[in-house]
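Have a look at the structure below, then the notes.
All residue numbers refer to positions in the sequence shown, counting from 1. Source: prediction; values computed, not measured. Computed over heavy atoms, backbone and side chain alike; hydrogens, waters and symmetry mates excluded.
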Amino acid sequence: MNGGMGRRLSRRTLLTGVAAATFGGASRVTRSRQGLDRFWEVTSSPAADPAIEAYAFPASVSRGQPLHLHVASRYRRLSGLAARVGRTGLEPAQVFDVTTSGSMTSVKIETGMFAAGLYLVALRPADGSDHVRFVPVTVRDDRNPASVIVHIPTATYQAYNAWGGASLYDFDSPGGAAEHVGMDRPYDAFDGAGFCFYGDYQMASWLDAEGVRADFIMSNDLHVSPSALRGRTLFVSAFHDEYWSQEMRNNLHRFIGSGGNAAFLGANNIYARITFDADGRTLSTAPKGTPRRFRDLGQPEDELLGSWYDAYRFPYGSGAAWEARNTNHWIYNGTGMNDGDRIDGLIGYEWDHARTENRSPHVTLLSETQVAPGRRHNGVVFNVPGRGTVVNVGTTYWPRFLTGTGTFPTDQRVITMTRNILTNLS
């Protein structure tokens with residue numbers, strides 16, 4: 001858990017395919033070729049711009065259930081677009097108009113014709129002014145569940161979200177870090193998208209391009225519903241899935257214990273324990289001076305993942321090389337890699353490592369990198385007989401190497417390993 005992450009991340013140019021956002025500057029948003037003419041050809045305002053504020057609660061619905069969007073703006077009329085994250089980027093699903101009042105306006109979006117997936121709802125002034133606001137939402141297909149289910153870690157999004165004046169961190173909370181934050185509020189980062197563009201967007205787009213049918217859930221879903229993983233084969237987490245409730249962890253533990261598989265394609269996962277209030281609107285962390293990490297409560301994350309969080313070191317965009325180990329494992333099939341081969345830049349900005357002592361005999365190291373003196377990275381496979389298999393790559397950059405940017409080039413070896421994970425575990 002790194003208190004400086006939000007500040008560093010929000011100062012980097014990160015968005016690809018549909019956007020390029022810089023903290024305190026402008027972002028260029030390019031529409032999907034399947035979208036409305038000129039809708040995406042706008043220049044947005046800075047991430048914290050208050051011209052348009054919006055959120056959805058609940059932000060995850062089943063197909064056919066309405067999505068309730070809450071909007072406030074100094075503009076009387078807004079144009080809206082609900083777009084699914086797909087193989088070509090943002091693929092428009094529904095266009096709508098919003099007439100705002102002086103306070104928060106509620107908008108109901110029908111989802112009966114929506115395909116399951118990760119969506120971004122975009123709002124802009126109807127007069128074409130240079131502002132845009134995103135709202136990340138998910139639509140599930142509960143009647144026909146996919147074998148692959150992807151977790152969008154909205155508890156972590158909100159833990160770092162300082163909208164309204166405070167997050168769970170001191171660095172962006174002028175009055176001091178909060179112990180309680182709302183799940184029903186806009187995100188302050190990247191025009192309302194929160195952390196979506198750091199890995200979850202890339203994962204959803206890549207899966208669709210691969211033809212993989214997947215459902216998407218958010219933290220509240222995994223918290224309230226033990227049945228959220230029923231009928232699934234593979235649970236996927238793509239990026240920095242740090243904040244979990246005990247109920248979330250218990251539900252995943254039961255899933256793996258009954259033979260379900262999991263792929264954590266990020267790092268710093270299942271690290272900080274939080275609670276939700278009865279209606280899921282408020283996320284709380286333990287008071288200062290009391291244990292906040294699962295490992296301090298006798299539940300180290302490597303009991304589930306095979307490895308655990310090690311450190312934060314690099315500014316976003318820089319990192320260390322993945323150094324391959326045990327390349328006879330099926331995850332390396334078709335990569336052409338041998339032990340000691342490197343994938344430059346794949347490790348960072350946070351990473352995990354496996355225990356040196358008292359490591360489970362069921363943990364297989366996939367990589368081992370001495371990141372810095374006393375700091376080591378490991379990707380692992382954790383396969384306990386009679387349970388499911390867990391792959392934990394232990395780096396926050398993995399999804400970026402699936403889709404590629406100037407900072408994170410597409411790497412065919414990472415793509416092949418991810419395909420192997422899907423083939424063998426789903």
Side-chain angles (χ1 to χ4, degrees), residues 234-241 252-253 256 260-271 294-295 299-314 319-402 411-425:
L234 176 62
F235 172 94
V236 176
S237 172
F239 175 79
H240 195 157
D241 205 343
L252 182 64
H253 186 270
I256 295 169
N261 302 312
F264 282 82
L265 306 181
N268 193 200
N269 303 304
I270 318 182
Y271 180 81
F294 278 102
R295 62 177 69 175
Q299 300 178 76
E301 57 266 43
D302 65 340
E303 287 185 349
L304 274 178
L305 304 176
S307 56
W308 54 0
Y309 175 55
D310 182 61
Y312 162 91
R313 182 176 178 87
F314 304 107
W322 170 286
E323 298 186 15
R325 298 289 186 274
N326 294 307
T327 49
N328 60 338
H329 192 276
W330 55 256
I331 198 170
Y332 283 109
N333 288 350
T335 64
M337 296 187 72
N338 298 306
D339 285 13
D341 287 353
R342 296 157 58 94
I343 302 176
D344 290 337
L346 184 56
I347 308 307
Y349 55 93
E350 293 182 311
W351 62 88
D352 299 347
H353 75 276
R355 295 176 191 253
T356 301
E357 299 179 355
N358 301 317
R359 183 167 72 227
S360 168
H362 306 297
V363 170
T364 300
L365 301 186
L366 298 175
S367 66
E368 185 160 21
T369 302
Q370 293 299 322
V371 178
R375 295 296 185 189
R376 176 174 47 87
H377 163 268
N378 298 113
V380 302
V381 174
F382 190 24
N383 189 2
V384 178
R387 299 175 53 188
T389 297
V390 178
V391 174
N392 182 23
V393 302
T395 169
T396 49
Y397 289 164
W398 192 275
R400 305 307 298 268
F401 280 69
L402 297 176
D411 193 288
Q412 188 59 47
R413 295 165 295 181
V414 177
I415 291 172
T416 299
M417 284 190 279
T418 310
R419 286 173 177 162
N420 290 341
I421 290 169
L422 291 166
T423 299
N424 283 275
L425 300 186

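For His253, the NE2 atom sits in a loose shell: 12 or fewer heavy atoms of surrounding residues, nucleotides or ligands are nearer than 6.0 Å.
Between the CZ atom in Arg413 and the OG1 atom in Thr335 there is a gap of 8.0 Å [rounded to 0.5 Å]. A distance of 9.0 Å separates NE2 in His362 from CZ in Arg387, rounded to the nearest 0.5 Å. Rounding to the nearest 0.5 Å gives a distance of 4.5 Å between CZ of Arg359 and CG of Leu365.
Ring to ring, Phe314 and Trp351 are close: their centroids are under 6.0 angstrom apart.
Here the shortest heavy-atom pairing between Asp339 and Asn326 reads OD1-N, 3.1 Å. In this structure, Asn261 and Thr389 approach most closely via the heavy-atom pair OD1-N, 2.8 Å.
In this pair, Tyr309 and Tyr271 present their aromatic rings perpendicular. The plane angle is above 60°, beyond the 30 to 60° band.
Between the Thr396 side chain and the Tyr349 main chain, a donor and an acceptor come within less than 3.5 Å of each other. Within the 3.5 Å criterion, the main-chain N or O of Ser360 finds no donor-acceptor partner in the side chain of Arg355. Under the 3.5 Å distance criterion, the side-chain polar atoms of His353 are left unmatched by any main-chain donor or acceptor of Glu368. Between the side chain of Thr369 and the backbone N or O of Glu323, at least one donor-acceptor pair lies under 3.5 Å.
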Discussion item. With side-chain contact (heavy atoms from CB on, under 4.5 Å) as the criterion, how do Phe382 and Asn392 come out once you've worked through the C-alpha distance, each side chain's angles and the decisive distance to 0.1 Å?
Written reply: CA-CA 8 Å; Phe382 190 24; Asn392 182 23; over 6 Å; no
Worksheet entry | side-chain contact (heavy atoms from CB on, under 4.5 Å) between Arg313 and Arg375, worked out | CA-CA 10 Å; Arg313 182 176 178 87; Arg375 295 296 185 189; 5.6 Å; no
Discussion item. Is there a side-chain contact (heavy atoms from CB on, under 4.5 Å) between Ile421 and Val236? Walk through the geometry before answering.
Written reply: CA-CA 10 Å; Ile421 290 169; Val236 176; over 6 Å; no
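A salt bridge is absent between Arg376 and Asp310; no separation between the charged side-chain nitrogens and carboxylate oxygens falls under 4.0 Å.
In summary, of the residues considered (Asp411, Leu346, Val414), a side chain to side chain contact (heavy atoms under 4.5 Å, CB included) with Trp322 occurs for Leu346 alone.
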